[in-house]
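Contents: one structure, followed by commentary.
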Amino acid sequence: MKSAVETLNPTRVRLTVEVPFEELKASLDAAYKKINQQVTVKGFRKGKIPARVIDQRFGRAAVLEEAVNDALPKFYTEAVNEAEINPLGQPEVDITELKDGETLNFTAEVDVRPVIEIPDYSGIEVEVDVIEVSDEDVEKSVEQLRSRFASTSPVERAAAEGDVVTVDLEAKVDGEVLADGVADGVQYTIGSGELLEGIDEAVTGLEAGGEATFTSELKGGSAQGKEAEVTVKVTQVAARELPELDDEFAQMASEFDTLGELRADSRKRLENMKQYDQATQAQERVLEKLLELVEVPIPEKLLEDEVNTRKHNLEHHQLGQMGLDLAKYLEIQGKSAEEFDAETTEQAIKGIKTQFVLDELVSKEKLNVSQEELTEHLMRRAASSGMSPDQFAQAIVEGGQVPMLVGEVARGKALATVVEAATVKDTNGEIVDLGDDEDEAEEAAEASTGDAEGTEKTEA
């Protein structure tokens, strides 16, 4: 077999392949055997029909077609390996010449990973937010904890903000009560914003037995998105009573003996959260700077597939779970279809570019993924998916997604390598030491590539 490769553009090549006819022998034998099992000819037992009879009765062309279809993937793979290219997706194959007993010639056009030059990235500098936890932040955290231990008791007065009211609701659209528009005994904290828009104003000032009507857009149910006339009747008003902020509260709400120790722990937790946010911010900004340094041609077909995948996932998974369609989502977001398409394309380009660049870095820096690193990553992914590690691992193996998982870890290590070489300062001008934790790098890399993981799955 002879093959040659022609570069059509930085992301697409054409392979020209010449196959001597004798190399089709195994596929021809398989074709005759297959046809033998599928047809019957009077005078011959099934499976024992001679090749010459098959040629006479069904045509040599049918045999050749079967043989070529069987052999093409093997010859294509050999040509790809010989040319040392990294194909993306399925090739467009065209048989240019097929002479029985002489030769098989074909071409295959396919998208390929572009050749990427990674420049010196040691000069990257980024600025991140300083870690500051104020006394107000601490008090807010303690108050949130305090509110979780609040109790309620019925009161005989008008409802006010912060009170918990028990209400009966009835929603009408076009004067008709909805089948799923009636709810009794609903508890609602005034000011929480957890029910319908307009309910706070309607129930504030009402005592038990009071009733009001207001108009609101329904958030769910059979008439979701429609304007409804909602009647609300208050059956009980209860005041929330917060526990005293003292050592007794600290002992009840935590493992600490004093309120001072509880506040100190709250401060430490907030500092850890801000430190995590700072590290994530650094990863994202370093990645942005790295992408600015590298020219990456984007394969058109790959980009088209990526955009379609992102749209499909949004419409049929994320929005479906929320009970929304794309039109309603765009209305809520205040975006036109054109703006949405442009944003999706921009995100897809960034995802593909990120994966290409980080994969090249993995190769350049000769980064490997250990079993321990893969296991740790699997545990994190399982936790975020709501599955047990065993369930998640089984799903990954059965879906053939282990290489994808390895790629995620490797790209995280590649980004961590760049971050380690970069200069990171906070807004006070102080150098930030991000330590040696690669977790945030993996998450930043995953967030940027998104559905571009599909590029791995489609490679030959």
Side-chain angles (χ1 to χ4, degrees), residues 128-169 183-210 212 214 219 232-282 380 383-384 386 426-428 430 432-435 437 439-440 443:
V128 294
D129 295 337
V130 69
I131 296 177
E132 290 180 341
V133 177
S134 66
D135 292 343
E136 290 76 12
D137 292 332
V138 174
E139 289 308 309
K140 183 179 179 182
S141 176
V142 173
E143 281 297 327
Q144 288 174 343
L145 179 62
R146 186 187 183 197
S147 67
R148 285 164 49 189
F149 287 85
S151 59
T152 59
S153 57
V155 292
E156 294 183 3
R157 60 166 173 78
E161 184 170 354
D163 286 343
V164 178
V165 290
T166 303
V167 298
D168 296 338
L169 297 165
D184 294 334
V186 178
Q187 287 195 331
Y188 174 68
T189 302
I190 300 176
S192 67
E194 294 174 352
L195 266 179
L196 298 168
E197 187 176 342
I199 193 171
D200 288 337
E201 294 80 0
V203 298
T204 298
L206 295 181
E207 296 184 19
F214 63 100
K219 295 182 179 181
V232 55
K233 180 179 180 180
V234 177
T235 60
Q236 184 186 77
V237 178
R240 295 176 76 245
E241 297 177 359
L242 296 171
E244 290 293 328
L245 275 180
D246 52 23
D247 292 347
E248 186 177 339
F249 166 71
Q251 294 163 16
M252 173 182 66
S254 71
E255 69 270 31
F256 301 105
D257 294 327
T258 68
L259 184 60
E261 290 173 335
L262 175 59
R263 285 193 169 111
D265 181 70
S266 295
R267 182 179 294 276
K268 183 63 178 175
R269 289 176 185 272
L270 290 171
E271 287 174 349
N272 289 341
M273 288 172 58
K274 286 183 176 286
Q275 193 171 31
Y276 178 86
D277 291 342
Q278 186 190 64
T280 302
Q281 190 180 61
R380 286 196 299 273
S384 64
D426 64 23
T427 49
N428 288 338
E430 298 292 328
V432 175
D433 181 10
L434 298 173
D437 192 349
D439 294 355
E440 292 86 357
E443 291 176 11

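These figures come from a predicted structure and were not determined experimentally.
The 12-atom threshold is exceeded at CD of Glu139, counting heavy atoms of other residues, nucleotides or ligands nearer than 6.0 Å. Atom CD of Glu156 has 12 or fewer heavy atoms from other residues, nucleotides or ligands within 6.0 Å. Other residues, nucleotides and ligands place more than 12 heavy atoms under 6.0 Å from the CD atom of Glu261. Around atom CD of Glu244, no more than 12 heavy atoms belonging to other residues, nucleotides or ligands sit under 6.0 Å away.
Summarising the geometry, atom NZ belonging to Lys140 is positioned 6.0 Å from atom CD belonging to Gln144; distances are rounded to the nearest 0.5 Å.
Looking at heavy atoms from C-beta onward, Val432 lies in side-chain contact with Val128 at the 4.5 angstrom threshold. Two residues are said to be in side-chain contact when any heavy atoms from C-beta on lie closer than 4.5 Å; Val186 and Leu195 meet this criterion.
In terms of heavy-atom proximity, Val130 sits nearest to Asn428 at CG2-ND2, 3.4 Å. Looking at every heavy atom in both residues, Ile190 comes nearest to Ala160 through CD1-O, 3.4 Å. Between Gly162 and Arg240 the shortest heavy-atom distance is O-CD, 3.0 Å. Closest approach of Asp163 to Ala158, counting heavy atoms only: OD2-O, 4.1 Å. Of all heavy-atom pairs spanning Asp426 and Gln278, the tightest one is CB-NE2, 4.3 Å.
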Item to check | CA sep, side-chain torsions, deciding dist, call: Glu271, Gln275, side-chain contact (heavy atoms from CB on, under 4.5 Å) | outcome: CA-CA 6 Å; Glu271 287 174 349; Gln275 193 171 31; over 6 Å; no
Next on the checklist: Applying side-chain contact (heavy atoms from CB on, under 4.5 Å) to Ile199 and Leu169, what does each step give before you reach the verdict?
Outcome noted: CA-CA 10 Å; Ile199 193 171; Leu169 297 165; 4.2 Å; yes
Checklist entry - Is there a side-chain contact (heavy atoms from CB on, under 4.5 Å) between Asp247 and Thr258 once you walk through the steps? => result CA-CA 4 Å; Asp247 292 347; Thr258 68; 3.6 Å; yes
Item to check | Trace of the side-chain contact (heavy atoms from CB on, under 4.5 Å) decision for Lys274 with Asp137 | outcome: CA-CA 12 Å; Lys274 286 183 176 286; Asp137 292 332; 4.3 Å; yes
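For the pair Arg146 (side chain) and Leu245 (backbone), a donor-acceptor distance under 3.5 Å is absent.
Residue Gln236 is tested with Thr152, Val167, Thr166 for a side chain to side chain contact (heavy atoms under 4.5 Å, CB included); the sole match is Thr166.
Under 4.0 Å is where a charged nitrogen must lie from a carboxylate oxygen, and between Arg267 and Asp135 at least one such pair does.
With 3.5 Å as the limit, one finds no donor-acceptor pair spanning the side chains of Thr189 and Glu194.
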